[in-house]
2 protein chains.
Amino acid sequence: MEHIPRTAPVGALTGPCSRWPAEHGETIRQIIERAGNKWAVLIVSSLNCGPLRYTDLLHSIQGISQRMLTHTLRQLQRDGLITRTSHPEVPPRVEYALTDLGTTLLVAVTTLIDWAGTHHDEIQDNRTRFDKPAATS
Amino acid sequence: MEHIPRTAPVGALTGPCSRWPAEHGETIRQIIERAGNKWAVLIVSSLNCGPLRYTDLLHSIQGISQRMLTHTLRQLQRDGLITRTSHPEVPPRVEYALTDLGTTLLVAVTTLIDWAGTHHDEIQDNRTRFDKPAATS
DNA sequence: CTGTATCCACGGCGATACTG
DNA sequence: CAGTATCGCCGTGGATACAG
């Protein structure tokens, strides 16, 4: 893939700053549509605990609708991030599980979640301060 | 923060699988609204090379509209991820720069971008294969 | 140059109802 | 149980025009 090494100190802009080759704008768009999808992230997170059935997901991911569950599940399956296993039984049973690829996504996404957890309060403060520029008295 | 350590092998579900305390669903939503915002990510990425002016951003981020540039810029500023410096000159000049916090976000987001770069082709293949279940002849 | 304001189209998404 | 189908609201975001 040969992406730009980001090991250089961000502040030391002595040379021509290295950026992504612009074509990556398209690539970024791709990830955003995956990792930036609330439901996708939630589903992948839930699946970290092992395979789950349709209704299990429906219940464990609080607030998701059938429509979005099914839709997102299809997306993830299409991308090869999860597998769908249908057991031909009388009460149909379908299990969804993370693929290896899906697991790597989860790891990457976890980085973001950690970041959010670490700086969540700080951001809240910033917002409050920004929204309330008064209070100089 | 005390998030779940993700070092354990995903496949070995011997114990009660550890998950985020569910309340994090809300937290996740927060990040998604930041890191999941295409324009926000693009702006932060562009700013990695040092401060940029409004029009510079407008041009370097191909495809963004004034409306979204301004809007996203405000958001990022509000969150304390970037700074806005207005130089009182005759042709007004405004420069935007990453804060330390913003830099940390960039680092975290870079993880995702790297992931995307690494698995982009693989995902494309998966999609193609999924969309074309025929071709058995 | 650096925005702000308005209009509007499109897609995300929930709600609901129905099927194998 | 595991979906599919339809409808409609609403936010996102582009296009355009105007302003300091």
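Hydrogens, waters and symmetry mates play no part in the numbers below; they use all other heavy atoms, side chains included. Order of the sequence lines sets the chain letters (A, B, ...), proteins ahead of strands, with each chain counted from 1.
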Take Leu101(B) and Leu81(B) through the side-chain contact (heavy atoms from CB on, under 4.5 Å) test and state the conclusion after the steps. CA-CA 6 Å; Leu101(B) 182 59; Leu81(B) 298 172; 3.7 Å; yes
Report the C-alpha separation of Leu47(B) and Ile82(B) in whole Å, then their side-chain angles, then the decisive distance to 0.1 Å, and conclude whether the side-chain contact (heavy atoms from CB on, under 4.5 Å) test is met. CA-CA 9 Å; Leu47(B) 254 25; Ile82(B) 65 173; 3.8 Å; yes
Looking at every non-hydrogen atom in both residues, tell me the closest pair between Pro92(A) and Arg53(A) and how far apart they are. O-NH2, 3.8 Å
Working note: Leu105(B) + Leu98(B), criterion side-chain contact (heavy atoms from CB on, under 4.5 Å); need CA distance, chi angles, decisive distance, verdict. CA-CA 10 Å; Leu105(B) 206 215; Leu98(B) 276 186; over 6 Å; no
For dG3(D) and Tyr96(A) - does any side-chain N or O of the residue sit under 4.0 Å from the phosphate oxygens OP1/OP2? yes
What are the two closest non-hydrogen atoms of Trp115(B) and Thr104(A), and how far apart are they? NE1-OG1, 2.9 Å
Looking only at heavy atoms, the pair that brings Gln66(B) and Tyr54(B) closest together is O-OH, 3.6 Å
What are the two closest non-hydrogen atoms of Leu52(B) and Ser60(B), and how far apart are they? CD1-OG, 4.4 Å
Angle between the end axes of the helix from dC1(C)-dG20(D) to dG20(C)-dC1(D), five pairs per end, to the nearest 10 degrees? 40°
Determine whether more than 12 heavy atoms belonging to other residues, nucleotides or ligands lie under 6.0 Å from atom CD of Gln62(A). no
Selected nucleotide, minimal atom distance to Pro92(A) side chain, candidates dG20(C), dC1(C), dG14(D): dG20(C)
Between atom CZ in Arg53(A) and atom C1' in dC1(D), what is the gap in whole Å? 7 Å
How long is the line joining CG of Asn37(A) and P of dG12(C), in whole Å? 9 Å
Proximity to DNA chain D (any heavy atom under 4.0 Å), residues of residues 61-79 of chain B only: Ser65(B), Gln66(B), Arg67(B), Met68(B)
Calculate the interatomic distance between Arg84(A) atom CZ and dA2(D) atom P; express it in whole Å. 10 Å
In whole angstrom, give the distance that lies between atom OH of Tyr54(A) and atom P of dG20(C). 17 Å
Would you name the heavy atoms of Ala108(B) and Leu112(A) that are closest together and state the gap between them? O-CD2, 3.5 Å
Given atom CG of Leu57(B) and atom C1' of dT2(C), what is their separation to the nearest angstrom? 12 Å
Expressed in angstrom and rounded to an integer, what is the separation of His87(A) atom NE2 from dA2(D) atom C1'? 13 Å
Find the distance Glu89(A):CD to dG20(C):C1' and express it as a whole number of Å. 16 Å
